[in-house]
Protein chains: 2
Amino acid sequence: MRTITIADVAKHSNVSKSTVSQYLNKRYEYMGEGTKTRIEEAIKLLGYRPNIVARSLKQKSTTTIGVIVANILHTFSTQVIRAIEDICHDYDFHTIVCNADDDPEKEKKYIEMLQAKQVDGIIIFPTGGNVELFLSLKENDFPLVFMDRYMSEVQVPSVVLDNEKASKLAVDYFVDRGYQRIGIMTTSILENLTTRIKRVGGYRQALQEQNIPINENYIKSLELHQFEDAMTNMLSLKNPPQAILAGNDLALMEILKFTKKKKISIPKDLALIGIDDVSFASFYNPGLTTVAQPAFEMGKKAAELLLNKIQKKEEDVHHHIYSFEPQLIKRESC
Amino acid sequence: MRTITIADVAKHSNVSKSTVSQYLNKRYEYMGEGTKTRIEEAIKLLGYRPNIVARSLKQKSTTTIGVIVANILHTFSTQVIRAIEDICHDYDFHTIVCNADDDPEKEKKYIEMLQAKQVDGIIIFPTGGNVELFLSLKENDFPLVFMDRYMSEVQVPSVVLDNEKASKLAVDYFVDRGYQRIGIMTTSILENLTTRIKRVGGYRQALQEQNIPINENYIKSLELHQFEDAMTNMLSLKNPPQAILAGNDLALMEILKFTKKKKISIPKDLALIGIDDVSFASFYNPGLTTVAQPAFEMGKKAAELLLNKIQKKEEDVHHHIYSFEPQLIKRESC
DNA sequence: ATGAAAGCGCTAACAA
DNA sequence: TTGTTAGCGCTTTCAT
């Protein structure tokens, strides 16, 4: 498949390469009608398609952004990705998605790869492990937006859930429904993830405000494969929790596997609320009460912040953290 | 952020650009130790990163492939995407994912965009609507692999499930469990999708082999929003189906929403099997019997076919359809 | 209203 | 063992 270039089109329409280039970039101002149609025809005739790589090299812009998610297995990540892609599509931008697996090394590798590919900016769920790298990106004014988590050491526009409120909504609802012994289970791979910290923090604070003593045995931050043992232990305490807040979708699923296996009835034996609105929440038996994140809105915001920055419309000077409201969706599990 | 080029590195290490290029491409054969370390140091010192765009322009290869899925909402699509990304990662290739929404127009647009971006090949879930385009791609020897569906008009390596067998597994299992009035519900957007045709075909054939008469009222191919009405109708027939095969994950979820809403008990009032192993199958109440597709294997195969073709290792001359085995996973819903 | 020419950052003959 | 040179396909002054 010999590549057809602008030069071929130029030859076929008896104009110079620059004129064709003008045409391609829709600068018709000073262009004769005849030239225009001749170019048009030549393009169709030859089946010419502009080479974006060459254009990118010249223009130093690829109209492509990178998205690095922490863990693609979370529903939330995929929802955010779709929102970002939607917005990018509106702006005629493209997206390269990478999954850092919550590993700072991989994160670094992907950032470098994306830069080598000359992406115009990056939206990232930061692991928190590459402070230096992010500082230098910021230093160089490289367009960057954080999603889901922020890094206090790095002042970059960050789109996050109001995680404290998310926990509070759940705890308050549990208490409303008469539950007092309330636990929380979150997943843990990395220390110092703002998301988890805030969710657990919000949980503690909500309990305090309700004048319920905090029982450290009810607070678990574990790998998924440890959930089964942990739940077995928790539920065999003399005063086992009556209700559990699942910190995210994967935690919720792990809990559901356990309750099914052990024939624990929800909410009779154990009430449940999950953060993240999982696909099956509405038709699970029993229906699952969840705290939904406005994932689409958040992805949209992140994309807009980044694209505006790329197109020099700045505006991100004042704010640094864009916090979104969680929403409690009541169903039978609580 | 002034870009640092190979020329800067060359200057700092007192060699020519080509020598630096040799170094970058690990052609150390004829390179003096001193030169090598000087270049190494200059690179580190300057924080040089090769510009992949420039390299791609020169080499006429972007080490990037495109993946166009029919509908990103299907679990199967996301599983396949992950597999493809995994394999690409091993080969140092990158991936651009597009969602054609089962719309031939969008499909065409994405193919053209990916070609403009100079991807080295495409894996696609074809809508079936762009025969001409695919023929011309094949004509031009552009690396192409079909996934999930094939087009009899276009001889391109195709990775598919043995869809007839998938239905047969389900029907036979229903019959084993004593069900005779068995329905099938699939989603429909496009006509002539090989996947749906084969699933319905396999269902019919399996019934015939079991000497069960085929009732056309039990066979529905509909948009998701029509499922509720269709089910209401079906279940109010004088002889309503006792069991339903859901043609894919979205169909299954629609059915589950309905049964929950109408308090229809599974499997007592209605037995259920779904094609596609949904995340919640194991811990749903009741556990859902499913026919799982080996999504990871299939994605892997597609990626390998494509990458081998790109790297001229051909080998795809004989086979054109790579058919994978579905697997019945038995749980309480049937 | 259109064209000539330089150059984006890199690679690959070919020379030296 | 290393350097010179000519592009890859496009955009963009600056002439004309």
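The sequence lines fix the lettering, A, B, ..., with proteins before strands; numbering per chain opens at 1. Every heavy atom of this structure was used, including side-chain atoms; hydrogens, water molecules and symmetry mates were not.
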Helical bend (five base pairs per end, nearest 10°) for the helix from dA1(C)-dT16(D) to dA16(C)-dT1(D) =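 Answer for the end axes of this duplex: 40°.
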
Side chains of [X] and [Y]: donor-acceptor distance under 3.5 Å anywhere?
X         : Y         : result
Glu107(A) : Thr127(A) : yes
Tyr23(A)  : Glu40(A)  : yes
Lys117(A) : Thr64(B)  : yes

When you measure from the side chain of Thr19(B) to the backbone N and O of Val15(B), does any donor-acceptor pair fall under 3.5 Å?
->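 Not a single qualifying donor-acceptor pair exists.
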
Thr95(A) side chain vs Ile65(A) backbone, donor-acceptor pair below 3.5 Å |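 Between the backbone of Ile65(A) and the side chain of Thr95(A) there is no qualifying donor-acceptor contact (under 3.5 Å).
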
Describe the nucleic acid contact of [X] in one word from base, sugar-phosphate, nothing, applying a heavy-atom distance below 4.0 Å.
X        : answer
Thr5(B)  : sugar-phosphate
Asn14(B) : sugar-phosphate
Thr35(A) : sugar-phosphate

OP1 or OP2 of [N] versus the side-chain N and O atoms of [X]: is any pair under 4.0 Å?
X        : N       : answer
Thr19(A) : dT2(C)  : no
Tyr48(A) : dC10(D) : yes
Asn25(A) : dT11(D) : yes

Checking only heavy atoms, does the side chain of Ser18(A) share a donor-acceptor pair with the base of dT11(D) at less than 3.5 Å?
->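 Under the 3.5 Å cut-off, the side chain and the base do not form any donor-acceptor pair.
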
Which residue, Gln22(A) or Lys17(A), contacts DNA chain C at a nucleotide closer to its 5' end, judged by nearest heavy atom?
->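 The 5'-side residue here is Gln22(A).
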
Only counting residues at least two apart or in another chain, list the ones meeting side chain to side chain donor-acceptor pair (under 3.5 Å) with Lys60(B).
->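 Only Thr3(A) meet the side chain to side chain donor-acceptor pair (under 3.5 Å) criterion with Lys60(B).
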
Using the closest heavy atom to pick a nucleotide of DNA chain D for each, name whichever of Ala54(B) or Lys36(B) lands nearer the 5' end.
->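 Here Lys36(B) is the residue nearer the 5' end.
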
